[in-house]
K.L.:
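Here it is, the structure, as structure tokens.
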Amino acid sequence: MEQVRRLGMVVAIDGPAGSGKSSASRGVAERLRLRYLDTGAMYRAMTWWMLQHDVDLGDAEEIASHAWEPKIRVGTDPTGPTITLDGEDVSGPIRSREVTNAVSAVSAVPLIRQVLVEQQQDVIDDGAIVVEGRDIGTVVAPHAEVKIFLTADPVERARRRTSEGLAGEAVSADANQAEMARRDLFDSTKGAFAQALDAVVVDTTELSLDEVIDQICRLTVSRARIEPEEYA
Ligand SMILES: Nc1ncnc2c1ncn2[C@@H]1O[C@H](COP(=O)(O)OP(=O)(O)O)[C@@H](O)[C@H]1O
Ligand SMILES: Nc1ccn([C@@H]2O[C@H](COP(=O)(O)OP(=O)(O)O)[C@@H](O)[C@H]2O)c(=O)n1
């Protein structure tokens, strides 16, 4: 397993909302002792900044004009990922419904994507990392040694999101499913979401989180040309 880190392998995990990207990516990174990067958190932090500064999210030019202002820093320890915005911890507010509802409008702006993709590529530069998002296998890290596209039935994805039960934000499974469908559609039509042709598709609907992590670890280890017996 140590070899995966020594080789500086990059594992790209893309997929729609609630497919299990964050949990699977963190699990894989912990097991293979790799770093972890949540690119969705960066788009969310960017969106939180726009909301805090009363930027008109209906105006793409106005959003773009602020693209360089927010200072976003991410920590890559999978056991405790961190994110700060202008020096402040924003791990709570970026998960709010307000941000979830607004993030697609911000991530659709090309200059926002350019700025964040550059920052993500800087973090990835040294390799040995699991990166999750929507365009990792296609745009951010097209040379990743392992590309996974996670899917799950929309009803199951909404059920999972609902059972997370964000504090103070009781939302029904139906409302979550509608919100996720709207965001997935918006993200894909605005170019924020793409499946790499060479990605391995893992449908997680019927799989436990542990089984998903195991499948991705096994694939990664096989790409590192480690004998399967060494990975037990
Ligand atoms: N295979 C799985 N089986 C059951 N629940 C899962 C599975 N994968 C993830 N979950 C749960 O579903 C929720 C959403 O997962 P998450 O990793 O946040 O998805 P994403 O990052 O794709 O939005 C979390 O509460 C997580 O614990
Ligand atoms: N690589 C990425 C990651 C996220 N995003 C945007 O950020 C939003 C939030 O991403 P996320 O990964 O936190 O969302 P969930 O899958 O957790 O719901 C997405 O809906 C996209 O609009 C993106 O455009 N590109």
Side-chain angles (χ1 to χ4, degrees), residues 12-29 36-48 50 57 63 72 74 78 81 83 90-91 93-97 99-110 112-121 123-124 130-142 144 148-166 171 173 176-177 179-196 202-216:
I13 302 191
D14 291 302
S19 55
K21 298 181 301 295
S22 298
S23 355
S25 302
R26 288 179 67 175
V28 169
Y36 160 71
L37 177 63
D38 176 358
T39 61
M42 298 173 76
Y43 286 95
R44 286 172 178 273
M46 183 67 93
T47 304
W48 181 238
M50 300 288 165
L57 298 189
I63 296 174
I72 298 168
V74 284
I83 181 149
V90 288
S91 50
I94 64 167
R95 303 290 160 199
S96 65
R97 190 128 307 256
V99 169
T100 299
N101 287 337
V103 64
S104 292
V106 175
S107 70
V109 177
I112 296 289
R113 303 201 70 76
Q114 190 187 316
V115 167
L116 289 184
V117 167
E118 270 176 29
Q119 292 180 17
Q120 291 156 13
Q121 290 174 333
V123 176
I124 296 168
V130 181
V131 189
E132 63 144 310
R134 299 287 193 290
D135 59 345
I136 311 305
T138 48
V139 176
V140 179
I148 304 289
F149 190 83
L150 284 190
T151 62
D153 180 272
V155 175
E156 171 63 10
R157 293 196 277 120
R159 190 200 62 73
R160 291 176 186 173
R161 192 42 52 87
T162 308
S163 62
E164 280 177 352
L166 287 180
V171 178
N176 267 329
Q177 192 179 336
E179 180 278 311
M180 287 159 115
R182 180 194 59 79
R183 192 150 51 93
D184 287 342
L185 180 66
F186 195 93
D187 288 345
S188 36
T189 50
K190 297 291 176 181
F193 189 7
Q195 178 179 348
V202 177
D203 185 339
T204 72
T205 311
E206 305 281 339
L207 300 176
S208 70
L209 179 57
D210 238 32
E211 288 170 324
V212 176
I213 293 170
D214 208 51
Q215 273 198 20
I216 300 173

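Sequence positions, counted from 1, serve as the residue numbers for this chain. One-based numbering, in listed order, for ligands and for the atoms of each. Since the structure is predicted, the reported quantities are computational estimates derived from the model, not experimental observations.
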K.L.:
Counting non-hydrogen protein atoms only, what is the nearest one to atom 12 (O) of ligand 2? Give residue, atom name and distance.
P.N.:
R134 NH1, 3.1 Å

K.L.:
K190 near ligand 2, heavy-atom distance under 4.0 Å?
P.N.:
no

K.L.:
Please determine if E132 has a nitrogen or oxygen closer than 3.5 Å to a nitrogen or oxygen of ligand 2.
P.N.:
no

K.L.:
Measure the distance from atom 17 (O) of ligand 2 to every protein heavy atom, then report the residue, atom name and distance (to 0.1 Å) of the closest one.
P.N.:
R161 NH2, 3.6 Å

K.L.:
Nearest protein heavy-atom contact for atom 13 (O) of ligand 2: which residue, which atom, what distance?
P.N.:
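For this ligand atom, the closest protein heavy atom is R44 NE, 2.7 Å.
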
K.L.:
What protein heavy atom lies closest to atom 24 (O) of ligand 2? Include the residue and the distance to one decimal.
P.N.:
R113 NH1, 2.8 Å

K.L.:
Among all the protein's non-hydrogen atoms, which is closest to atom 27 (O) of ligand 1, and how far away is it?
P.N.:
S23 OG, 4.0 Å

K.L.:
Please confirm whether M180 approaches ligand 2 to less than 4.0 Å, judged on its heavy atoms.
P.N.:
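It does not, in that no heavy atom of M180 comes within the 4.0 Å cut-off of ligand 2.
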
K.L.:
Among all the protein's non-hydrogen atoms, which is closest to atom 3 (C) of ligand 2, and how far away is it?
P.N.:
T39 OG1, 3.4 Å

K.L.:
With backbone taken as N, CA, C and O and side chain as the heavy atoms from C-beta onward, which portion of L209 lies under 4.0 Å from ligand 1: side chain, backbone, both, or neither?
P.N.:
both

K.L.:
Considering only protein heavy atoms, which is closest to atom 24 (C) of ligand 1, and at what distance to one decimal place?
P.N.:
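Among all protein heavy atoms, the one nearest atom 24 (C) of ligand 1 is E164 OE2, 3.1 Å.
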
K.L.:
Under the criterion side chain to side chain donor-acceptor pair (under 3.5 Å), which of S22, S23, S25 is the partner of E132?
P.N.:
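Among the candidates, only S22 passes.
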
K.L.:
Using side-chain heavy atoms (C-beta onward) and a distance below 4.5 Å, is R134 in contact with K21?
P.N.:
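In short, these two side chains touch, coming nearer than 4.5 Å.
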
K.L.:
Got a sec: does the CD of E206 have more than 12 other heavy atoms crowding it under 6.0 Å?
P.N.:
no

K.L.:
Heavy atoms only: give me the nearest A41-I83 pair and the separation to one decimal.
P.N.:
O-CD1, 3.5 Å

K.L.:
Name the closest protein heavy atom to atom 1 (N) of ligand 1, giving the residue it belongs to and the distance to 0.1 Å.
P.N.:
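The closest one turns out to be L207 O, 2.9 Å.
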
K.L.:
Write out the residue and atom name of the closest protein heavy atom to atom 1 (N) of ligand 2, then the distance separating them to 0.1 Å.
P.N.:
D135 OD1, 2.8 Å

K.L.:
I need the nearest protein heavy-atom contact for atom 16 (O) of ligand 2: residue, atom name and distance, please.
P.N.:
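Protein heavy atom with the smallest distance to atom 16 (O) of ligand 2: K21 NZ, 2.9 Å.
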
K.L.:
Which of the numbered atoms in ligand 1 are under 4.0 angstrom from any heavy atom belonging to G20?
P.N.:
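Those atoms are 8 (N), 9 (C), 15 (O), 16 (P), 17 (O), 19 (O), 20 (P), 22 (O).
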
K.L.:
For S19, is at least one N or O under 3.5 Å away from an N or O on ligand 1?
P.N.:
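Yes: some nitrogen or oxygen of S19 is under 3.5 Å from one in ligand 1.
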
K.L.:
Is the closest side-chain heavy-atom distance between V155 and Q177 below 4.5 Å?
P.N.:
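Yes, at least one pair of side-chain atoms sits under 4.5 Å.
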
K.L.:
For atom 18 (O) of ligand 1, which of R160, R161, K21 has the closest heavy atom?
P.N.:
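Going through R160, R161, K21 one by one, R161 has the nearest heavy atom to atom 18 (O) of ligand 1.
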
K.L.:
Any idea which part of A24 is under 4.0 Å from ligand 1, heavy-atom wise: side chain, backbone, both or neither?
P.N.:
neither

K.L.:
For residues T205 and D203, is any side-chain donor paired with an opposing acceptor at under 3.5 Å?
P.N.:
yes

K.L.:
Which atoms of ligand 2 are found less than 4.0 Å from any heavy atom of V103?
P.N.:
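Result: 7 (O), 8 (C).
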
K.L.:
Give the atom numbers and elements of ligand 1 that come within less than 4.0 Å of a heavy atom of P16.
P.N.:
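Counting from 1, the qualifying ligand atoms are 22 (O).
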
K.L.:
Taking the side chain as C-beta and beyond, is there a heavy-atom pair between M180 and P154 under 4.5 Å?
P.N.:
no

K.L.:
Tell me, please: is R95 in heavy-atom contact with ligand 2, that is, under 4.0 Å?
P.N.:
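Yes, that is the case, since the closest heavy atom of the residue is under 4.0 Å from the ligand.
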
K.L.:
Do any N/O atoms on S22 end up under 3.5 angstrom from N/O atoms on ligand 2?
P.N.:
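In fact, backbone or side chain, S22 has no N or O that close.
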
K.L.:
Counting each atom of ligand 2 from 1 as listed, which ones have a heavy atom of G133 under 4.0 Å away?
P.N.:
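Reading through ligand 2 atom by atom, the close ones are 1 (N), 3 (C).
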
K.L.:
Any nitrogen or oxygen of D187 lying under 3.5 Å from a nitrogen or oxygen in ligand 2? Just yes or no.
P.N.:
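Yes, there is a polar N/O contact under 3.5 Å.
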
K.L.:
Just to confirm my output: which protein heavy-atom neighbour is closest to atom 5 (N) of ligand 2, and how far is it?
P.N.:
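The closest heavy atom on the protein side is Y43 CD1, 3.6 Å.
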
K.L.:
Is ligand 1 less than 4.0 angstrom away from at least one heavy atom of G15?
P.N.:
no

K.L.:
Only heavy atoms of R183, strictly under 4.0 Å: list the atoms of ligand 2 that pass.
P.N.:
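So the atoms of ligand 2 that pass are 8 (C), 9 (C), 14 (O), 15 (P), 18 (O), 19 (C), 20 (O).
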
K.L.:
Quick one: does R113's side chain get under 4.5 Å of P110's, heavy atoms only?
P.N.:
no

K.L.:
Quick check on contacts: which atoms of ligand 2 are under 4.0 angstrom from a heavy atom of S107?
P.N.:
6 (C), 21 (C), 22 (O), 24 (O)

K.L.:
What I'd like to find out is whether the side chain of T100 reaches to under 4.5 Å of the side chain of R44, using heavy atoms alone.
P.N.:
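SC-SC contact between T100 and R44 confirmed.
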
